[in-house]
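Letters A, B, ... mirror the listed sequences (proteins, then strands); counts begin at 1.
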2 protein chains.
Amino acid sequence: MARRPDGSNRLDDAARAGWLYYVAGRTQDEIASAMGISRQSAQRLVSLAMTERLIKVRLDHPIAACLELGLALKEKYDLRQVDIVPSDPGSSSTTVGIAEAAASEIERWLKSADPIILAIGTGRTLKAAIDQLPGMDCPQHRIVSLTGNIGLDGSAAYYNVIFSMADAVKARHFPMPLPVLVSSAEERVMFHNQALVKSALQLGAQADVAFVGIGELGPQAPLCEDGFLARDEMDRLMDEGAAGEICGWMFDGEGRMMSGSINQRVASVPLPSRQTSIVIGIAKGERKYQAVRAALKGGLINGLITDEATAEFLLNA
Amino acid sequence: MARRPDGSNRLDDAARAGWLYYVAGRTQDEIASAMGISRQSAQRLVSLAMTERLIKVRLDHPIAACLELGLALKEKYDLRQVDIVPSDPGSSSTTVGIAEAAASEIERWLKSADPIILAIGTGRTLKAAIDQLPGMDCPQHRIVSLTGNIGLDGSAAYYNVIFSMADAVKARHFPMPLPVLVSSAEERVMFHNQALVKSALQLGAQADVAFVGIGELGPQAPLCEDGFLARDEMDRLMDEGAAGEICGWMFDGEGRMMSGSINQRVASVPLPSRQTSIVIGIAKGERKYQAVRAALKGGLINGLITDEATAEFLLNA
DNA sequence: CAAGTTTGTGAGTAATTGCCCAAGAGCAAG
DNA sequence: CTTGCTCTTGGGCAATTACTCACAAACTTG
């Protein structure tokens, strides 16, 4: 009999229990006796399956209200692709719901038999989305990161979205091993001449689809909190009228790229052309309202995944 | 809000409620007050979302495929107990995986506080399974061998499954000190009149659960290799359409017991009734596909422990 | 238009689940 | 071998959810 001091067997059991509970619809009591454990242990396994994200729940029904909002938005901002999920008034999470929807959309693209180039940004929202991806096997596709993952202090610990994603879907991937912001335009040139970065730049320009987060600016902006941007720089940007950022590219309230020096120091891949690619922004929440609206106004994105409340704001604003 | 007198609005509500419940993780009470309906109605909507399959749950773990296969097999062949373990495509072992699973299942039965009678066959697979048993102390149970352990040449060296097992779990045990095949029906009667054999026969008939291997036939069959059956007899059996054996009992491709003289010379305990007992077959591997299928078709077993690949064959065949 | 049928509602109740706590097993250090 | 620590287990209990029933509204049918 295999002893189970290690965790791997435990996850197996959790998967089993979770499957029996959610898919087969058994009660925890039945699972307990089927697996020869106490009900409490079964409950723990089921809950473990949840917290370990072994179980993925997804809603597949176009709710009329969301659909209508989506259609209206699509028209108003001339979008190629819109996905609206219901709002949860009681929750302050900035990812719940849209992460699942984004995962579903990403999966749809990855299921394509024809090889595609999928570009991806970074950030909490995208990380949450990637976590919802099922395991896949997509050697035909290429995934390219649009932005670096190294902070001001040199740490690379940020949400390594592209690695988690490539790991889940087993596709070739092209990370950007550099900071989001470098110290000068010259340094950027230097970074961009590195072989790895060069191929990311090339691939990014040819991307069929890109999934990007939309970041708000301000003292609590993730860009600040995660140490990509110093506080005083942020203040200056705000003074100059910056309203949001995508992959580090700063834009104003009308969605025009900021003209100051800041964008010359952004080392990210330029956003793929909205003429030839689909660039899908993923964001929700009151704090991001202005940033999302600006991105839409400026045509920086031509696809959107958001929630009802945000969609309503965007329609009426 | 779009008014809709027809049912589509109801499904929308169901989707919304289901989303709030499963994705956002709110309680039905919260959903009820958020949507302005009674808790019961909320519950109905959530359950409707489930029954209408608006909510898709899936489990992203290798185990999931096994469980699904198991459920399908259980239905197709009307089984009481199915256990599918992941296949290891790189291994040609006929025991790895199922031995552990079988041990785990045996252990589960032995943990019962109520005394049970556990019958057990023989063969490499079962030997590997009981090697996986942890030490236990089960004086309340009785273990009976379903089949003899003496070869054509009189040697008793075969996989002495029952002794190893009784040793490991410290239960009373009832071996069958005779050959698998005797020379004639008359000799069988003689053997069966021995006291030891008699009690084994009686116990076997009352067994609560039986674990048996499923043997394939052919020149490389273990039955031949281990010297229980002469080569020319095997050839004759194959000509007559024999497809497999369980504890020496030969059956054809439909799982019907062979009518020739061979089964009159099998000295094993008859398989316990599938009405009152659980008879669990343990087998995997391409060479055994036909034998396992026949055993299932004929209802010779009502439980199965096998691997994914075999399970897939059994489902599609 | 009335009777019958279907569908949805709320109340009450049984079943199921989630959580806290004390006890026990496993393990490392002494 | 003992001590102290952590992690896991199972019991008990409160919260949550599922089911049954009786009734009302809406809808169908003659």
Whether each nucleotide of nucleotides 6-17 of chain C has a protein heavy atom under 4.0 Å at its base (B), only at its sugar-phosphate (S) or at neither (-) is summarised, 5' to 3', as --SBBB----SB

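Between the side chain of B:E308 and the backbone N or O of B:S87, at least one donor-acceptor pair lies under 3.5 Å. The closest donor-acceptor contact from the side chain of A:T306 to the backbone of A:I84 lies at 3.5 Å or more, if one exists at all. Formation of a donor-acceptor pair under 3.5 Å by the B:T51 side chain with backbone atoms of B:S47 is found in this model.
With respect to the salt-bridge test (charged N to carboxylate O, under 4.0 angstrom), the residues A:E100 and A:R58 do not qualify. In summary, B:D83 and A:R16 engage in a salt bridge, as defined by a charged side-chain N under 4.0 Å from a carboxylate O. A salt bridge links B:K127 with B:D131: at least one charged nitrogen is closer than 4.0 Å to a carboxylate oxygen.
If you walk DNA chain D from 5' to 3' and mark each nucleotide with an atom closer than 4.0 Å to a heavy atom of chain A, the marks span D:dT9 to D:dG12.
For the residue pair B:H61 / A:D12, a side-chain donor-acceptor distance below 3.5 Å is found, with atom types taken as modelled.
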